[in-house]
Colleague: 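Below you'll find the structure I mean.
Heads up: numbering here begins at 1 and tracks the sequence.
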Amino acid sequence: MDQLQPYACLPETSRGRRFPEEAAPTRTPFQRDRDRIVHSTAFRRLVYKTQVFINHEGDLFRTRLTHSLEVAQLGRSMARTLGLNEDVVETIALAHDLGHTPFGHAGQDALHECMAEYGGFEHNLQSLRVVDHLEARYPQFDGLNLCFESREGILKHCSRTNAHALEQAEVDFPAAAAGVARRFLDGGQPSLEAQLCNLADEIAYNCHDIDDGVRSGLLLMEQMLEVPLFSRYARQALTQHVKLARPPQQRRWLYESIRLMLSDMVYDVLKTTQAQLAESRPASVVDVRATKPLVLFSPGMRAETRELKKFLFDHLYRHDQVMDTMNKAKQVVRDLFDAYQETPAEMRQDSEPAGEITLQRRVSDHIAGMTDRFALREHARLTGRSLFHV
């Protein structure tokens, strides 16, 4: 690891774990967190969880696992340039979607509707729940007992209601390791590593969703050329490599266009962030948490990425074919919720529920942990119906 800057998350100044543990002899606390994520059950399940296209729709589309790996790669590359802690970035990137439901955002929306009267469901909060409570690997505690800095980065969003609940739940833990939701009440910021992961996540899905969308046939290169941000790099690719205009080379044209766009997004973040750091001059991670966001796109790139996201929303995520699939997926989740709520014994779980929770939260945890294909098998078993032709 290159030299860390003083405003990075430094292993020696970590706020520690909720359950104190002896230090590992050959790994920093953050390397240990990363390894715990990689070996977790929830991480392995990401290989069969939807990004945009459900698993059976094609072997080459991104899954939640490949998305998380791409976020980790981007995050580590940028962290190295900025002198931030790559291990913290990698841990957050690999863990940020652990709480995602099967069937992507459609599954989350359906589960949130089912849980509306019982506290709701939000996949980001569920990711923290997975690492704090649901992983059952250690005899001394539930969850993975990650460091504060890792947990802070995983909790990307949080309502004030949920922040108050998390604060109350941590009153019995060491003060330094508690308070993971405090910034949502006080208006503070997370570490630079957490801020960086948020943008690495956005860059990754903007770029790979274009790739998957065109591969699926739901997006055409002609359509993508209507988006100014993408069009700029597509035309640059043709200028540099004229042969890419020929039909047999168009797949390479797409790849080169995305590569150029992704690189420029990364360089834009690095340049803008370096300027913000030079202006704010934080002396430590404590200063970072007390100031404005520092890891940013430039205003121009931010405007163009918003336009790209709107295009993807309108033409890919809300495409009739995707919507038909997602509506069926929502029905699977609703049917599963009703079936398990009516007959809890049908939930064949590997371990006892963590803590005192309602039946509905148990059902929510069980469904959120499913892969796409397990959810479809369970739906067929419990209802006798198959909504998908797999």
Side-chain angles (χ1 to χ4, degrees), residues 46-78 103-105 199-270 297 300-301 303-326 372-373 388-390:
L46 295 179
V47 71
Y48 290 118
K49 290 197 177 191
T50 294
Q51 180 64 28
V52 174
F53 297 96
I54 291 179
N55 179 255
H56 67 261
E57 294 182 294
D59 293 337
L60 298 180
F61 296 127
R62 267 71 170 191
T63 66
R64 288 285 159 187
L65 180 62
T66 55
H67 164 69
S68 298
L69 293 173
E70 290 186 27
V71 175
Q73 180 271 314
L74 284 172
R76 288 198 70 148
S77 295
M78 290 190 283
F103 314 124
H105 287 284
L199 284 189
D201 183 27
E202 182 176 345
I203 292 170
Y205 67 65
N206 276 339
C207 292
H208 64 49
D209 287 357
I210 294 173
D211 185 6
D212 284 352
V214 174
R215 178 183 293 276
S216 72
L218 301 187
L219 294 178
L220 302 175
M221 279 294 285
E222 290 78 5
Q223 286 178 287
M224 292 307 310
L225 292 175
E226 298 172 7
V227 183
L229 179 62
F230 181 84
S231 178
R232 181 162 70 248
Y233 302 105
R235 298 186 191 287
Q236 180 181 337
L238 281 184
T239 299
Q240 296 173 350
H241 308 280
V242 178
K243 67 180 181 180
L244 296 181
R246 296 186 222 131
Q249 298 288 328
Q250 289 207 333
R251 174 67 63 183
R252 298 192 190 202
W253 182 25
L254 172 66
Y255 291 155
E256 182 66 6
S257 304
I258 293 172
R259 185 188 70 80
L260 292 170
M261 184 177 73
L262 184 150
S263 294
D264 224 22
M265 287 179 169
V266 167
Y267 297 141
D268 182 88
V269 170
L270 293 175
F297 282 124
M301 182 63 78
E304 289 189 305
T305 58
R306 285 175 178 157
E307 190 173 4
L308 172 60
K309 289 167 73 172
K310 184 179 185 306
F311 174 88
L312 291 173
F313 185 88
D314 292 340
H315 295 86
L316 179 61
Y317 311 141
R318 288 297 179 266
H319 189 283
D320 289 345
Q321 184 175 320
V322 173
M323 290 302 296
D324 179 63
T325 301
M326 292 300 103
D372 294 4
R373 62 183 187 175
F388 292 92
H389 298 291
V390 181

Colleague: Does the plane of the ring in F313 sit parallel, tilted or perpendicular to the ring in Y317? Use 30° and 60° as the thresholds.
Modeller: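 Perpendicular: the ring planes of F313 and Y317 meet at over 60°.
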Colleague: Is a side-chain N or O of S216 found less than 3.5 angstrom from the main chain of G213, in a donor-acceptor match?
Modeller: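 Answer holds: yes.
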Colleague: Do L219 and L312 touch side chain to side chain, with heavy atoms closer than 4.5 Å?
Modeller: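 Yes. Closest side-chain heavy atoms under 4.5 Å.
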Colleague: Under 4.5 Å between any side-chain heavy atoms of F103 and D372, yes or no?
Modeller: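 In contact.
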Colleague: Which heavy atom in M224 sits nearest to a heavy atom in V214, and how many Å separate them?
Modeller: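 Here M224 and V214 meet closest at CG-CG2, 4.3 Å.
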Colleague: Name all pairs fulfilling the ring pair (Phe, Tyr, Trp, His ring centres under 6.0 Å) condition that reach into residues 206-236, sequence neighbours left out, sorted by first residue then second.
Modeller: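 Residue pairs with at least one partner in residues 206-236: H67-H208.
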Colleague: Between CD of Q321 and CG of L316, what distance do you get to the nearest 0.5 Å?
Modeller: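 Answer rounded to 0.5 Å: 10.0 Å.
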Colleague: Only counting residues at least two apart or in another chain, list the ones meeting salt bridge (charged side-chain N to carboxylate O under 4.0 Å, His left out) with R252.
Modeller: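 Counting only residues at least two positions away or on another chain, R252 forms no salt bridge (charged side-chain N to carboxylate O under 4.0 Å, His left out).
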Colleague: Just wondering, do K309 and E202 contact through their side chains at under 4.5 Å, heavy atoms?
Modeller: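 The answer is yes, as the side chains (C-beta and beyond) meet within the 4.5 Å cut-off.
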Colleague: I need the minimum non-hydrogen distance between A234 and L225, along with the two atoms involved.
Modeller: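 Smallest heavy-atom distance, with atoms named: CB-CD2, 3.6 Å.
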Colleague: Going from CD on Q250 to CG on L244, what distance comes out if it is rounded to the nearest 0.5 angstrom?
Modeller: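 Result: 9.0 Å between the selected atoms.
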Colleague: Would you call N206 and M261 a side-chain contact if the rule is heavy atoms closer than 4.5 Å?
Modeller: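 Counting from C-beta outward, N206 and M261 never come under 4.5 Å.
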Colleague: Does anything in residues 310-319 pair up under salt bridge (Lys or Arg N to Asp or Glu O under 4.0 Å), and if so which pairs, sequence neighbours excluded?
Modeller: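 Listed once each, the pairs are K310-D314.
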Colleague: To the nearest 0.5 angstrom, please state how far the CZ atom of R62 sits from the CD atom of E70.
Modeller: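 Result: 4.5 Å between the selected atoms.
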Colleague: For E222, enumerate each residue passing the side chain to side chain contact (heavy atoms under 4.5 Å, CB included) test, keeping only those at least two apart in sequence or located in another chain.
Modeller: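 E222: side chain to side chain contact (heavy atoms under 4.5 Å, CB included) contacts with L220.
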Colleague: Rounded to the nearest 0.5 Å, what's the gap from CG on L218 to NE2 on H319? Could you check?
Modeller: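 It is 4.5 Å, given to the nearest 0.5 Å.
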Colleague: Restricting to non-hydrogen atoms, name the atom on C207 and the atom on L262 that form the minimum distance, rounded to 0.1 Å.
Modeller: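 Answer, listing the atom of C207 first, then L262: SG-CB, 3.7 Å.
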Colleague: Which residues pass the side-chain hydrogen bond (donor to acceptor under 3.5 Å, both in side chains) test with Y255, sequence neighbours left out?
Modeller: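 Residues passing side-chain hydrogen bond (donor to acceptor under 3.5 Å, both in side chains) with Y255: R215.
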Colleague: Nearest 0.5 Å, what's the CD1-OG distance between I203 and S263?
Modeller: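 Here the rounded value is 10.0 Å.
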Colleague: So does A245 get a backbone contact from the side chain of W253, meaning a donor-acceptor N/O pair under 3.5 Å?
Modeller: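 No, the answer is negative, given that no donor and acceptor are paired below the 3.5 Å cut-off.
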Colleague: Are E256 and Q240 side-chain neighbours, meaning at least one heavy-atom pair lies under 4.5 Å?
Modeller: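 SC-SC contact between E256 and Q240 confirmed.
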Colleague: Return the minimal non-hydrogen interatomic distance between L74 and A200, and the atom names on each side.
Modeller: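 Where L74 meets A200 most closely, the heavy atoms are CD1-O, 3.8 Å.
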Colleague: Quick one: are I210 and L254 in side-chain contact, heavy atoms under 4.5 Å?
Modeller: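 Yes, side chains in contact.
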Colleague: Can you run down the salt bridge (Lys or Arg N to Asp or Glu O under 4.0 Å) pairs that involve residues 228-244, sequence neighbours left out, and say none if there aren't any?
Modeller: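 Sorted pair list: R232-E304.
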Colleague: Rounded to the nearest 0.5 Å, how far apart are NZ of K49 and CZ of R373?
Modeller: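 It is 13.5 Å, given to the nearest 0.5 Å.
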Colleague: Can you list the steps and then say if S77 with Q73 is a side-chain hydrogen bond (donor to acceptor under 3.5 Å, both in side chains)?
Modeller: CA-CA 6 Å; S77 295; Q73 180 271 314; 3.3 Å; yes
